[in-house]
Amino acid sequence: MKCTICKHGETKLGVTTITLEKGNSTIVFKEVPAQICDNCGEKYIDKATTKDLLNKAREIVKNGVEVDIRKYEKVA
Ligand SMILES: [Zn+2]
């Protein structure tokens with residue numbers, strides 16, 4: 001798809017690292033699938049993946065973990 005930020009680049013499927021901060025917790029997800037602009041580098045993560053990330057983050061925060069770095073694994 002065409003990038004909506006720079007309006008020049010095309011996005012390509014790739015993986016990225018997402019950092020979420022909630023309260024005292026920092027959660028880093030590696031290898032999150034995303035559409036990435038080949039021009040400006042803007043990342044587009046689909047709604048289902050975003051929701052999944054937030055759910056996972058909520059679980060981690062609930063367990064009182066301050067820093068968590070993990071590889072993202074999509075649930076089927
Ligand atoms: Zn762009």
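Start at 1 and go down the list; that is how both ligands and their atoms are numbered.
In this structure, the side chain of Tyr44 engages the main chain of Thr4 through a donor-acceptor pair within 3.5 Å. No side-chain donor-acceptor contact under 3.5 Å links Asn63 to the backbone of Val65.
Checked against side chain to side chain contact (heavy atoms under 4.5 Å, CB included), Glu10 has the following partners two or more places apart in sequence or in another chain: Lys2, Asp38. Taking the side chain to side chain contact (heavy atoms under 4.5 Å, CB included) definition, one finds that Arg70 meets it with Phe29, Ile60, Asp68, sequence neighbours left out. With sequence neighbours left out, Ile36 forms a side chain to side chain contact (heavy atoms under 4.5 Å, CB included) with Thr16, Ala34, Lys43.
Here OG1 of Thr49 is found 11.5 Å from NZ of Lys51. Values are rounded to the nearest 0.5 Å.
Around the Zn ion (ligand 1), protein N, O or S atoms at less than 2.8 Å comprise Cys3 SG, Cys6 SG, Cys37 SG, Cys40 SG.
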